[in-house]
Amino acid sequence: MAAVSLTESARRTPLLAETEVLVLGGGPAGIAAAARAAAAGRATLLVERYGFLGGMGTAAGVTNFCGLHANVHGRMRRVVHGVADELLQRIDALGGLNEPHAIFGRTLAQAYDGAAYKCAADELLLTRGVQLLFHAQAVGVQMRDDGSIDALLVETRSGRRALRAQVFIDCSGDGDLMHWAGAPWEQGDAQGDLLYPTLMFRVAGVDDARAGEAWREVGPRMAEAQRAGRHRFARQGAILRPMKHAGEWRVNVTQIANAQGRAMDGTDALQLSAGEVEGRRQVREFFAFLRAEMPGFEHAYLLEIAPQVGIRETRRLLGRAVLTGADVLGCADFDDSIGVNAWPLEQHVAGDVKWSWPPADSRGYNQLPWRMVLPQQVRNLLVAGRCASMDAAAQSAARVSGACFVMGEAAGLGAALALRAGGAVANVDVAALQRGLRDQGAWLGTDEYT
């Protein structure tokens, strides 16, 4: 069927706000970027499509910080600091933070309560003077004659509006802003395949004592149920973990393909719509398995299905430097380090999750270069988070919250320094950026961990 289009009437779009730094997206990267830019004294506006912050961590029900810790020569260390420290302290003060738990005995992750995360993020940004614009769906940009961005266009409950800024930071996850601004990007691996998305859910009413270490038993029990023909699963093995409050567990098990059997593309409206329905079908199937086959879950009930499918990968910037899978596995160093990634390659492939780790006796982390948030063009744009400049393998690691906090915080301070240098992000003094990050408690991985 031939593509059909219609012509819209020309319109004049009201200007809703003017600011110095505009951050698109309220996930870990966006929170850290806005917090750091505002702390540097710059008028900062954060634009978020939902009515709350947290990104995939709340909207997709991830409820788990990954990449904050590294196995440094055999010892578990917290390696992501700065803005992340204050956010976690605020979550903990609200009673919503678990103690870190082991992942395959190789590293740590840390679960949290989604409601506490939302409230803590609000408080963090408001105390720093960040202006928040919720329920604003970004739909395009207005460019200047010199190729820089003039304004972000959004659809709100008040109608279509324009938001003007001097420096923009794309923390949208999908790279929406960089795409509209014309910055080069790519999507998928060499075959065009993406990481598979997952619809997360939580259950309650679990008998924790009887459930025991259910995360160790769930994989073998799934395999047996599938061999016997009692259940079918889109993905082998599940992440099944207790939450902060008794009787509540989170489940990461679904895997969503498109009609062609490949990973669903989160930038395709029709695939995304179908994927939500398929995700809920898989939730029902796995929940039936839990109640029938897992001790302690006999009287469990569905507490929450995440508001949206969790998207792991869509567009990725082609920046001044591209972080590679070899950099992650080789614990690479960079002269322009802004912090570290401490998560292994976690590749959600068809029917499974493929993990690849740095050597067991290594320091367990790689540095992240400033150049990975710098586009090759567009003078007033930075890109942080899972849409930053990485190849497909590296993105499977540095897409998680720890690295996103790092990139976002550097982008926020970098935006403030760019304004001091006339607004061109490429002119940021990297040494001054690194000093500023250290002064605010960030650890760049450039000295011995103590």
Side-chain angles (χ1 to χ4, degrees), residues 56-66 98 101-104 109 111-112 114 194-206 208 211-243 247-258 261-264 266 272 274-298 300-313 343-344 346-355 396 399-401:
M56 293 295 98
T58 50
V62 174
T63 60
N64 194 50
F65 290 125
C66 297
N98 278 19
H101 61 272
I103 302 293
F104 303 126
Y112 55 82
L194 298 163
L195 299 177
Y196 279 79
T198 291
L199 183 61
M200 297 281 293
F201 65 103
R202 291 183 296 146
V203 299
V206 179
D208 294 332
E213 295 185 340
W215 55 88
R216 300 183 187 278
E217 301 176 23
V218 64
R221 287 179 180 269
M222 287 172 66
E224 169 57 28
Q226 188 153 272
R227 278 195 299 269
R230 296 191 299 272
H231 297 277
R232 294 182 61 192
F233 307 106
R235 176 178 126 195
Q236 303 309 303
I239 297 173
L240 182 64
R241 282 282 179 175
M243 299 294 293
E248 181 181 328
W249 290 59
R250 64 185 174 88
V251 188
N252 176 343
V253 68
T254 69
Q255 187 179 86
I256 301 171
N258 60 20
R262 304 176 74 181
M264 185 200 85
L272 185 57
E276 297 282 6
V277 175
E278 169 60 15
R280 286 189 287 272
R281 185 200 66 77
Q282 292 183 28
V283 167
R284 295 197 305 272
E285 173 74 23
F286 191 79
F287 181 61
F289 158 81
L290 276 180
R291 294 192 59 162
E293 310 263 355
M294 293 295 296
F297 289 82
E298 295 90 347
Y301 58 90
L302 276 173
L303 179 64
E304 180 191 41
I305 297 176
Q308 76 146 85
V309 167
I311 306 298
R312 294 185 170 90
E313 177 193 9
W343 201 246
E346 182 191 340
Q347 295 167 297
H348 287 250
V349 298
D352 206 354
V353 184
K354 178 183 176 183
W355 297 82
S396 75
R399 63 181 171 80
V400 301
S401 45

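The figures here come from the full heavy-atom set of this structure, side chains too, leaving out hydrogens, waters and symmetry mates.
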Output for pair (F297 CZ, F289 CZ), nearest 0.5 Å, gives 9.5 Å
When rounded to the nearest 0.5 angstrom, what is the spacing between CE in M222 and CG in L290? 9.0 Å
Decide, yes or no, whether a salt bridge links R221 with E224 under the criterion of side-chain N to carboxylate O below 4.0 Å. no
With a 4.0 Å cut-off, would you call R202 and E248 a salt bridge? yes
Any donor and acceptor pair, going by atom type alone, linking the side chain of Q308 with main-chain N or O of A59 inside 3.5 Å? no
Checking the side chain of E278 only, and the main-chain atoms of A257 only, is there a donor and an acceptor separated by less than 3.5 Å? no
Does the Q347 side chain pair with the main chain of D352, one donor and one acceptor, at a distance under 3.5 Å? no
Distance-only, no hydrogens or angles: does the Y112 side chain make a donor-acceptor pair with backbone N or O of G57 under 3.5 Å? yes
Hey, could you give me each pair passing salt bridge (Lys or Arg N to Asp or Glu O under 4.0 Å) that has a residue in residues 285-298? Not counting sequence neighbours. R210-E298, R230-E293
Go through H348 and R235 one step at a time and tell me if the side chain to side chain contact (heavy atoms under 4.5 Å, CB included) criterion holds. CA-CA 9 Å; H348 287 250; R235 176 178 126 195; 4.0 Å; yes
Nearest heavy atoms of Y196 and R312, plus distance in Å: O-NH1, 2.6 Å
May I have the step-by-step check of side chain to side chain contact (heavy atoms under 4.5 Å, CB included) for F201 and V253, ending in yes or no? CA-CA 9 Å; F201 65 103; V253 68; 4.2 Å; yes
For H231 and Q226, run side chain to side chain contact (heavy atoms under 4.5 Å, CB included): C-alpha distance rounded to whole Å, both residues' side-chain angles, the deciding distance at 0.1 Å, then the answer. CA-CA 5 Å; H231 297 277; Q226 188 153 272; 5.9 Å; no
Under the 3.5 angstrom rule, does the side chain of N252 hit a backbone N or O of M200 as a donor-acceptor pair? no
Nearest heavy-atom contact between D208 and W249 is OD1-NE1, 2.8 Å
If we ignore angles and hydrogens, is there a donor and acceptor under 3.5 Å between the side chains of R281 and T254? no
Closer than 3.5 angstrom, by distance alone: can the side chain of E217 be matched with the main-chain N or O of M294 as a donor-acceptor pair? no
What are the two closest non-hydrogen atoms of G266 and I311, and how far apart are they? CA-CD1, 4.0 Å
What are the two closest heavy atoms between T198 and I256, and how far apart are they? C-CD1, 4.5 Å
For N64 and R250, does a side-chain donor sit closer than 3.5 Å to a side-chain acceptor? yes
Does the pair I239 and V353 meet the rule for a side chain to side chain contact (heavy atoms under 4.5 Å, CB included), with working shown? CA-CA 11 Å; I239 297 173; V353 184; over 6 Å; no
Nearest heavy-atom contact between C66 and A109 is SG-CB, 4.3 Å
How many angstroms lie between CZ in R284 and CD1 in I305, if you round to the nearest 0.5 Å? 8.0 Å
Shortest non-hydrogen separation from W343 to S396 and the atoms involved: CD1-O, 4.4 Å
Calculate, to the nearest 0.5 Å, the distance between atoms CD and CZ belonging to E213 and R241 respectively. 8.0 Å
Evaluate the side-chain proximity of F286 to V203: yes if any heavy-atom separation is below 4.5 Å, no if none is. no
